Structures are given as C-alpha cells and as structure tokens.
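Here is the structure we will look at.
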4 protein chains.
Amino acid sequence: MTADPDVRLRADARRNRDQILAAAKAMFAEEGPDVPMEEIARRAGVGVGTLYRRFPDRDALIKAVAQDNFAQVLAEAEAAEGEEPTAWEALVRLLSRSRALRLSVHLALLSPQAWATIREDPQTQHFRDEIMDVLDRIVAGAQREGQLRSDVGAGDVAVLVSLLLKRVPAPKDTADVVTDRVLALMLDGLRARPGSPLPGRVLTAADLRDR
Amino acid sequence: MTADPDVRLRADARRNRDQILAAAKAMFAEEGPDVPMEEIARRAGVGVGTLYRRFPDRDALIKAVAQDNFAQVLAEAEAAEGEEPTAWEALVRLLSRSRALRLSVHLALLSPQAWATIREDPQTQHFRDEIMDVLDRIVAGAQREGQLRSDVGAGDVAVLVSLLLKRVPAPKDTADVVTDRVLALMLDGLRARPGSPLPGRVLTAADLRDR
Amino acid sequence: MTADPDVRLRADARRNRDQILAAAKAMFAEEGPDVPMEEIARRAGVGVGTLYRRFPDRDALIKAVAQDNFAQVLAEAEAAEGEEPTAWEALVRLLSRSRALRLSVHLALLSPQAWATIREDPQTQHFRDEIMDVLDRIVAGAQREGQLRSDVGAGDVAVLVSLLLKRVPAPKDTADVVTDRVLALMLDGLRARPGSPLPGRVLTAADLRDR
Amino acid sequence: MTADPDVRLRADARRNRDQILAAAKAMFAEEGPDVPMEEIARRAGVGVGTLYRRFPDRDALIKAVAQDNFAQVLAEAEAAEGEEPTAWEALVRLLSRSRALRLSVHLALLSPQAWATIREDPQTQHFRDEIMDVLDRIVAGAQREGQLRSDVGAGDVAVLVSLLLKRVPAPKDTADVVTDRVLALMLDGLRARPGSPLPGRVLTAADLRDR
DNA sequence: AATGAATGAGGCTTCATTCAT
DNA sequence: GATGAATGAAGCCTCATTCAT
C-alpha cells in the first residue's frame with residue numbers, strides 16, 4: 001500500500017523509511033507542515049542525516065506523505081466498490097470511511113505551499129485520477145440503481161468527501177457525532193427524490209482537475 | 001464593525017492600523033499564517049516597526065484578524081435575521097454568504113498553532129458566542145415555520161457553515177459553481193421532509209464549545 | 001552644581017532637563033547603561049522627542065550624567081578640604097563620602113563603551129582634573145601633618161576611592177557595614193607608621209591620566 | 001578544571017566548545033556582556049549555529065563563563081593553601097593572584113542583568129561556596145599564626161579580593177603598579193598590629209550570601 | 001549506511017533616531 | 001516646544017541542509 005516501492009531497499013532501510021513516513025504523518029497532523037525536520041527525525045528514532053538520505057528535502061517528504069494518503073483512499077474506494085452489494089452502499093461506505101481517512105489526509109493540506117507542492121506531484125496526480133475513476137463508476141452505478149439523484153457527478157461527491165476531511169471545530173469527544181450527522185445530512189441531500197434541482201451542471205472529475 | 005476601536009488613535013495611526021489589518025488578512029489568505037511579518041508590513045506600506053508598534057507580535061495580529069473576521073460574520077448573521085422575511089430564508093442567506101466570508105475567515109485557520117491562538121482569545125470567543133445566539137434564533141424560527149427539519153440544532157448548522165468556509169480543491173473558475181451545488185445539496189438535506197433521522201442528538205452551540 | 005549651564009533655558013525646559021538627567025541616573029544605576037531611551041523618557045515623564053531635543057543621542061546623555069556625577073565629587077572634595085580642621089580628616093571624610101557617591105558615580109561605568117565615551121569627554125576630563133588638584137592638596141597636607149604615610153600620592157588615593165565606588169557583592173543590608181570595614185582597613189593601611197614600603201613609585205594624578 | 005565536562009562530546013565538538021568559551025571570555029572582557037553573539041562566534045572560528053547548539057542562549061554562555069572563572073579562582077585558592085608554607089603567605093598569594101584573575105572574572109560582572117543571571121546559577125553558587133570554605137581556612141590559619149589581624153573574617157577578605165578584581169581607571173602600563181600598591185596597602189591594613197579596631201562585626205562567608 | 005555536528009540564511013523583534021502632527 | 005508615531009538597521013535565534021566522523 002506504500003506509494004513508492006523505490007527499487008528494493010534493504011530490510012532495515014525500508015523500516016527506517018516507514019518509520020520516518022509514519023512520524024511525518026503524525027507530526028504534520030499535530031503541528032502542521034512546518035515541524036522541524038529534526039523533530040520528525042527524532043520521533044522516527046533516526047538522525048536527521050538518515051531522514052535526508054531517504055527524502056532529499058521537506059517537499060519530498062510532503063509528497064511521500066500525500067502519496068501514501070491518496071493510495072489509502074484509493075484502496076478504500078476499490079474495497080468499497082468490490083465488497084458492497086450495491087453502488088449506493090459503496091458510496092455510503094466511502095463517505096463514512098472518509099472520516100477515518102481524515103486524520104491521514106488533511107495533514108498535508110494545511111499550508112498553501114504544501115498544497116502547491118502536492119498538486120504538482122505527478123505521482124499524487126495519478127492516484128487522484130485513479131480514485132476519480134472508481135468514484136465515477138460508483139456514482140454511475142448508484143444512479144442506475146435509482147438511489148442517487150441524477151444531477152450529481154463524481155466531482156460533486158469528491159467535493160463532499162474533501163469537506164468531510166476537514167477538521168471540524170468541535171471538542172475531541174463530539175467530533176465523531178458531528179461528522180456522523182453531517183454525513184447523514186449529506187446523504188439525505190444526495191438521495192434521489194423530488195427536490196430542487198442543483199444549480200450549474202453536473203461536476204465531473206475533470207472539473208476538479210487543477211489548472 | 002472592527003473588533004477593536006482601541007481608544008482614540010491619531011488619524012494616521014488609525015489608517016495605518018487598518019491597512020496593516022487588511023494586508024494581514026490578504027496575506028494570511030494567500031500564503032498562510034506564516035508569512036514573514038516584513039511582507040505584511042511591506043504590503044501595508046509601512047515599516048516593520050510600525051506593524052510591531054500596533055501588534056506586539058504575530059499572535060496579536062492573528063487575533064486581531066480573527067476578531068475582525070468573526071465580527072463580520074456576526075454582522076452578516078444579524079443582517080440576515082433582520083432583513084429576510086422568514087427564518088428559513090435567513091438561514092439560506094446565511095449559508096450562501098458563508099461563501100463570501102470564506103476568503104476572510106479561513107485565513108487564520110491554517111496552522112494548528114494559529115488556531116490555538118484564536119481559540120484562546122476571549123474577544124473572539126465573545127463574537128463566536130454572539131454569532132451562535134443569532135443562529136439559535138434563526139434555527140428555532142425556521143423550525144417553527146416548518147421549513148427546517150426538527151432534528152438539527154444551531155450546532156449542526158454552524159458545522160455546515162464551517163465546512164463551507166473550507167477552500168474547495170477546485171480550479172478558481174469552478175470554485176463558485178462547486179460551492180453553489182454543495183450548498184444546494186446541504187439545503188436539500190436540511191429541509192423538513194420525511195427522511196432518515198440524523199444519528200446522535202441535536203447539536204447545540206454548547207456542543208461546539210471547546211474544552 | 002549642575003555640570004552644564006547650557007545658556008539660559010526657560011524654567012520648564014530646565015525642569016525637563018533635570019528630570020531627564022535624574023531619570024537617566026536612576027535607570028543607568030538599576031538597569032545598566034543600555035536602558036532604552038524610551039524608558040528613560042517615560043520615567044522622566046516626557047516624550048522621547050523631548051529627551052532627544054535636550055540630548056542629541058545616548059552618548060550625550062551619558063556624558064551629562066558623568067559630568068553631573070563628577071561635579072558632585074568635586075564639590076564633596078572641596079567641602080572636605082574647606083571644612084575639616086586637618087587634611088587627614090579631610091581625607092578620611094572624602095573616603096567615607098565616596099560611599100555616598102558610589103550610587104551616583106558607578107552608574108555610568110558599567111559598559112566599556114560608556115566608559116570610553118566618558119573618558120573622551122573634555123568637560124568630564126576637566127572635573128577630574130580639578131578633583132585631582134584638590135586631592136593633591138589634601139594628600140600633601142596630610143603628609144605634612146605626619147598622619148599620612150609619605151610613600152603615597154594623590155594617584156594612590158584616587159585609586160582607593162575608585163575601588164570604594166565599586167558595587168560590592170553583598171546583600172543590600174550588609175553593604176554599608178562592608179564598605180565601612182573596607183574603608184577602615186584602607187585607612188589603617190594609609191596611616192603613617194613603620195611598615196613595609198609600597199612597591200613602585202608614588203602615584204600622581206598624572207599617572208592615572210588616560211592615554 | 002572546566003566547570004562542565006558535559007558528558008562525552010566528540011573530539012571536535014569539545015574543541016569547539018572550548019574555543020567558544022575562550023572567545024566569549026575574551027570578548028566579554030573587552031566589550032562587555034552585550035557583544036553580539038555573532039562576533040563571539042566569529043572570534044571562536046565557528047558559525048552562530050554552533051555557538052547556539054552548545055549554549056542555548058546568551059545567559060547560558062554567561063553562566064558557563066562564570067563557572068569557568070570561579071572554578072579557576074577555586075583552583076588558585078586551593079593551590080595557595082596547599083603550596084604555601086604559612087597561611088599568611090597563602091593569603092598574600094591569593095590576593096596577588098586576584099590581579100591575574102581579574103581579566104577573566106570581572107568580565108561577566110558588567111551588567112546588572114548578567115550579574116543576576118550568574119547569581120541565580122546553582123553551579124556557580126557551588127563554586128562560590130567552595131571558595132569561601134578555602135578562604136575560611138586560610139583566614140583562620142593566618143590568624144592563628146598571629147600574622148592576620150583578628151577582627152577580620154573570610155567575608156572581609158572576599159570583599160577585598162572582589163575590589164581587586166575591578167578594572168582600575170589607569171592607563172594600561174600603569175595598571176600593574178597600581179594594583180601592586182593597592183595590594184600592599186591592603187596587606188598593611190590587614191596585618192595584625194595595634195590599630196583602630198574595625199567597625200561592625202567580623203564578616204563571614206554567610207554575610208555575603210545573597211538573599 | 002547512520003549519526004549528529006556545523007553552517008548560515010532568514011525570520012522575528014527591539015530600539016535609536018527622525019519626523020509629522 | 002512637546003509628543004509619540006514611523007522607520008529600518010541590527011541583534012537574536014531557529015532550522016533546513018550539508019558534511020565530517
């Protein structure tokens with residue numbers, strides 16, 4: 001599930017790499033994308049030198065974390081598609097799981113610079129494309145099933161997912177309820193049913209492609 | 001509508017203060033809360049010294065921006081409450097306007113540290129409380145009118161607003177459509193109508209209060 | 001007794017000047033010669049602008065304080081010479097009073113830079129010369145009286161005075177006893193009496209003249 | 001004799017640390033305790049970063065210098081005690097050597113802030129205590145020998161030493177003579193011999209303990 | 001290959017001094 | 001004349017990155 005097989009690394013090197021990635025993920029989440037490299041290294045239990053051997057600079061580390069995150073989302077999406085009996089249920093599951101992915105994804109989205117870095121990375125781009133493909137299929141399926149309103153596209157759903165990834169401004173112990181309720185509201189809004197038609201046109205994956 | 005009239009300042013000092021605040025708002029938005037103070041000063045057309053005379057450190061500046069932002073939201077909420085014929089319409093307007101506030105609000109929410117700073121500021125706290133009061137009245141009103149589903153509270157709506165304030169990952173020219181559609185979806189989800197009841201209990205303002 | 005008659009100043013201007021000088025003296029004593037000019041101004045109850053009108057820069061202020069201090073020492077010396085019945089008693093009094101002068105003198109002697117500034121100031125130079133003249137007479141007199149050992153000069157005594165001006169590293173309440181005892185020891189050392197002759201030659205005022 | 005062996009440092013790191021300390025000592029002496037850290041670093045032949053890695057801030061550096069200085073004084077005192085045939089001679093030697101220690105000791109004593117920093121440092125405190133212990137023994141010994149007047153204590157001698165550490169206001173080439181003569185005067189004052197008794201009570205180490 | 005020391009650029013902040021009100 | 005606002009140079013310190021051990 002790791003984004004970057006990176007030739008073959010010796011077992012210990014691989015372990016180092018993983019520890020660094022995990023440390024970076026955690027610290028980005030807790031402290032934002034500006035944590036000193038040295039602290040990431042310390043948390044990973046290695047020296048800075050080792051960190052830099054693996055990731056030439058901060059941007060490389062950010063990209064690696066982003067790739068890892070998106071890879072995880074892709075895996076979730078594919079699992080949902082493959083394991084759920086109906087596309088609607090896959091959609092519901094996908095949206096529910098976003099909550100779980102939140103912690104891992106939004107980390108890198110904190111600073112505009114970090115975001116720019118990620119946006120430019122082709123590897124990450126690639127994952128995003130694949131995710132959108134799966135989403136496209138799920139959306140189409142759910143509409144064919146008559147469960148999902150027909151005036152939404154994968155782009156719309158993607159936006160919802162991204163919103164659900166946002167850290168809500170609620171105390172830790174309420175955060176889960178909050179997300180559950182928002183999700184339920186969104187599902188109610190997504191359900192096929194007479195209602196006010198959405199403004200604009202159906203949003204596709206392409207609409208969200210940057211630049 | 002500025003948060004801090006700050007006794008009487010000499011005319012030029014006041015103008016400087018306002019320019020600095022505006023510059024900070026803009027640069028926080030564009031670059032995140034870590035922009036060099038010097039750049040903010042340059043953009044405001046003053047020397048760093050002036051900036052520091054007015055705002056003793058970065059945190060003070062962040063707080064001032066946050067206060068200004070929340071004051072704006074409060075003004076919007078009160079205007080919506082006072083000017084719209086029904087509470088439901090006030091609610092719709094409020095959610096629509098969030099989009100306009102986005103640029104100004106989310107600025108300071110980028111880094112965990114910045115967020116902590118804001119959370120602690122009593123002045124800002126105060127604005128948040130007042131905003132929630134207005135929201136409470138609007139929500140109750142819309143429910144009395146039978147337009148708003150009865151299993152939501154001001155807390156739920158506040159969360160939606162905060163989500164709408166998030167920068168969506170879409171190209172600039174699509175961003176507006178995206179937000180319009182998300183908003184419409186949310187409104188569809190909020191409308192009183194037979195549907196799946198929301199999980200958990202109605203969220204009140206208190207549920208979102210930190211700590 | 002003020003060092004610098006400075007043409008004629010209007011009464012209020014003169015009062016400002018004196019307040020600034022007093023404030024500077026006090027703050028140099030408490031905080032060292034690097035206290036912010038602004039704090040000196042505040043303590044004097046005037047704006048910085050006023051301070052700078054009176055003293056073009058920090059060095060000018062330091063010089064003024066030094067002049068004031070030395071003028072005071074000179075006055076003490078002359079008073080001792082004029083009022084005491086014997087030269088030895090004048091000498092004893094002078095050394096005793098140094099204690100009182102300490103607070104005011106050592107202030108400006110804290111930083112090497114400040115010291116350089118003072119050393120170069122001709123006005124202060126002048127006071128030092130006059131002081132040495134008085135001291136010369138007192139020393140000669142006391143030796144003629146047979147009270148003061150004959151192998152010391154005004155230079156030697158001046159050094160002792162300067163040592164007595166040093167802040168001793170003792171708790172506030174012990175400081176006075178300490179100085180009294182040191183002084184008594186020194187006087188015992190100075191008294192004419194068979195003992196080991198001092199090394200080197202008699203130190204005159206000229207020996208201490210810098211450069 | 002260095003105050004802080006600081007676990008084991010890599011050979012080069014240790015050398016750097018020592019160079020920094022030496023540079024700081026020299027520059028504090030010449031320029032006072034406010035010399036720019038960068039200049040200290042330059043003089044030590046290292047980058048600022050290195051300086052800061054070793055001494056987290058200026059205060060840490062000041063403390064380290066102070067500790068080193070006091071350690072040196074202690075060593076001198078112990079050597080004098082151990083190597084001189086009589087306690088009186090040990091005392092004379094100690095007072096003479098103070099002159100040599102001057103350059104290194106008074107450095108850090110220039111600004112009130114620096115002094116406060118040092119006073120608070122327990123490590124330095126410790127050295128001061130040990131020094132006083134040695135002094136106590138020397139004083140008692142010299143009195144038993146009948147050489148030292150009986151109405152002085154280690155506290156009195158400590159004060160004399162501290163005075164001798166003061167930079168005398170004399171041209172460089174005269175400074176040594178000056179100190180020799182002052183020292184001789186003091187010794188004459190200290191010698192056991194009928195004379196005027198000292199005022200107050202014998203000063204002990206405790207009398208000088210701050211707070 | 002791993003470590004952690006060294007470097008120095010760059011951001012933060014203070015404060016001496018100047019200048020508009 | 002007095003005031004206090006504005007300026008910007010200069011010192012402090014941090015941290016990304018490089019490099020010796």
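FYI, side chains are in, hydrogens and waters are out, and symmetry mates aren't considered; it's all heavy atoms of this structure. Since this is a predicted model, take the numbers as computed values, not measurements.
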Rounded to whole Å, OH of C:Tyr52 lies from P of F:dA6 at a distance of 18 Å
Show your reasoning for whether side chain to side chain contact (heavy atoms under 4.5 Å, CB included) applies to B:Arg53 and B:Thr50.
CA-CA 5 Å; B:Arg53 163 180 288 269; B:Thr50 304; 5.5 Å; no
What is the distance from CZ of B:Arg58 to C1' of E:dG10, rounded to the nearest Å?
13 Å
Taking only side-chain nitrogens and oxygens of B:Arg14, does any of them come within less than 4.0 Å of OP1 or OP2 of F:dA5?
no
note: B:Asp34, atom CG; F:dA16, atom C1'; distance rounded to Å ~ 15 Å
Side-chain donor/acceptor of A:Arg17 to backbone N/O of A:Phe55, under 3.5 Å
no
Among F:dC13, F:dA6, E:dT13, which nucleotide sits nearest the side chain of D:Asp57?
F:dC13
Interatomic distance, CZ@A:Arg58 vs OH@A:Tyr52, rounded to 0.5 Å, equals 7.0 Å
Under the rule of Watson-Crick or G-U wobble with both distances under 3.5 Å, where | means paired to another strand and [ ] a crossing pair, DNA chain E maps to .||||||||||||||||||||
OP1 or OP2 of E:dA5 under 4.0 Å from side-chain N/O of D:Asn16
no
Can you spot which of C:His126, C:Arg128, C:Gln67, C:Lys63 makes a side-chain hydrogen bond (donor to acceptor under 3.5 Å, both in side chains) with C:Asp121?
C:Gln67
Would you mind telling me which residue lines up with the more 5' stretch of DNA chain F, A:Pro56 or D:Pro36, judged by nearest nucleotide?
D:Pro36
Donor-acceptor contacts under 3.5 Å from residues 35-42 of chain C side chains, at least two apart:
none

Would you compute the distance between atom CE of B:Met27 and atom CD1 of B:Ile20 and round it to the nearest 0.5 angstrom?
13.5 Å
Round to the nearest Å and state the distance from C:Arg54 atom CZ to E:dT17 atom C1'.
17 Å
Shortest non-hydrogen contact from D:Val46 to D:Leu51?
CG2-N, 4.4 Å
Whole-Å distance between E:dT17 P and C:Arg53 CZ?
16 Å
For the pair A:Glu30 and A:Lys25, find out whether any cationic side-chain nitrogen is under 4.0 Å from an anionic carboxylate oxygen.
no
Between C1' of F:dG11 and CD of C:Gln113, the distance in whole Å:
14 Å
Expressed as a whole number of angstroms, how long is the span from D:Arg17:CZ to E:dG4:C1'?
17 Å
Those residues of residues 42-51 of chain C lying under 4.0 Å from DNA chain F by at least one heavy atom:
C:Val46, C:Gly47, C:Val48, C:Gly49, C:Thr50
Both D:Glu39 and C:Glu38 contact DNA chain F. Taking the nearest nucleotide for each, which residue is further toward the 5' end?
C:Glu38
Rounded distance in Å - CD (C:Gln19) to P (F:dA2):
11 Å
With a 3.5 Å cut-off and no angle check, do the side chains of B:Asp59 and B:Thr117 form a donor-acceptor pair?
yes
